[in-house]
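Report on the structure given below.
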Amino acid sequence: MTTLANKNEVKQITAIVVDDDIDTLDVFCEYLELSQFRIVGKAYNGEKVAELYSKSKPDVVFLDVMMDNYDGIYALEQIRKINPDAMVIMVPLILQKKHLRS
């Protein structure tokens, strides 16, 4: 997936992906890269997301809702303090591999 910057340029969509399950995070990032996203940051909990967001200024953030330390709601609040218009996609639990194992 790409977005057109103008008639002559095609810009990859940049993304941060946050998930506390390392395997899920890696697989999701691989899928996004195959879909022409450029991953500019990864995090395993919501604690460092605001710093990562400020540093990389992604087009979109994919954010796990349920994480043990500093969940997705906390991370969303921190991102919204930096940019109230940030595009954040909350990843539902049903899509998470860790919840499909049992």
Side-chain angles (χ1 to χ4, degrees):
M1 177 181 284
T2 55
T3 182
L4 292 176
N6 66 42
K7 285 185 177 181
N8 299 323
E9 293 180 32
V10 176
K11 176 186 177 272
Q12 278 189 309
I13 296 172
T14 59
I16 290 175
V17 183
V18 185
D19 194 307
D20 60 340
D21 184 287
I22 294 170
D23 292 333
T24 300
L25 180 70
D26 289 343
V27 169
F28 193 51
C29 286
E30 287 177 24
Y31 172 78
L32 290 172
E33 288 171 336
L34 289 172
S35 300
Q36 303 305 312
F37 283 81
R38 185 166 57 91
I39 307 304
V40 295
K42 297 179 186 180
Y44 302 105
N45 64 50
E47 181 179 20
K48 300 283 185 185
V49 173
E51 181 181 329
L52 187 58
Y53 182 87
S54 292
K55 187 184 296 184
S56 60
K57 299 183 180 14
D59 297 315
V60 63
V61 178
F62 292 93
L63 189 55
D64 184 9
V65 177
M66 300 292 290
M67 294 182 280
D68 292 334
N69 296 321
Y70 298 96
D71 66 11
I73 303 303
Y74 172 84
L76 177 62
E77 290 170 349
Q78 301 310 306
I79 291 168
R80 292 286 189 228
K81 287 178 185 176
I82 298 166
N83 179 2
D85 298 322
M87 182 180 294
V88 178
I89 298 173
M90 303 297 281
V91 180
L93 295 175
I94 192 94
L95 297 177
Q96 297 293 323
K97 182 175 90 174
K98 63 188 168 195
H99 296 286
L100 297 175
R101 288 184 194 142
S102 21

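Only a predicted model underlies this, so the values are computations on that prediction, with no experimental measurement involved.
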#### Entry: Side-chain heavy-atom pair I16, S56 within 4.5 angstrom cut-off
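I16 reaches S56 side chain to side chain.
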
### Task
Would you indicate whether the side-chain heavy atoms of T14 and D59 approach each other to under 4.5 Å?
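Yes. Closest side-chain heavy atoms under 4.5 Å.
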
### Query
Does CE belonging to M87 count more than 12 external heavy atoms closer than 6.0 Å?
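Not more than 12 within 6.0 Å, no.
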
Closest approach of [X] and [Y], non-hydrogen atoms and distance?
{"X": "A75", "Y": "G46", "value": "CB-CA, 3.8 Å"}
{"X": "I79", "Y": "A86", "value": "CG2-CB, 3.6 Å"}
{"X": "V91", "Y": "V65", "value": "O-CG2, 3.6 Å"}

Look at the side-chain heavy atoms of Ile, Leu, Val, Met, Phe, Trp and Tyr, link any pair under 4.5 Å apart, and say whether [X] and [Y] land in one connected group.
{"X": "Y74", "Y": "V88", "answer": "no"}
{"X": "Y44", "Y": "I89", "answer": "yes"}
{"X": "V61", "Y": "Y70", "answer": "no"}

### Task
Kindly indicate, with the supporting measurements, whether the criterion side-chain contact (heavy atoms from CB on, under 4.5 Å) is fulfilled by F28 and D19.
CA-CA 9 Å; F28 193 51; D19 194 307; over 6 Å; no

### Pairwise salt bridge (Lys or Arg N to Asp or Glu O under 4.0 Å) hits with a residue in residues 41-52, at least two apart
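Counting only pairs at least two positions apart or across chains, the salt bridge (Lys or Arg N to Asp or Glu O under 4.0 Å) contacts touching residues 41-52 are D26-K42.
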
### Query
Does any pair with a residue in residues 76-91 pass side chain to side chain donor-acceptor pair (under 3.5 Å), and if so which ones, sequence neighbours excluded?
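Sorted pair list: Y53-N83.
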
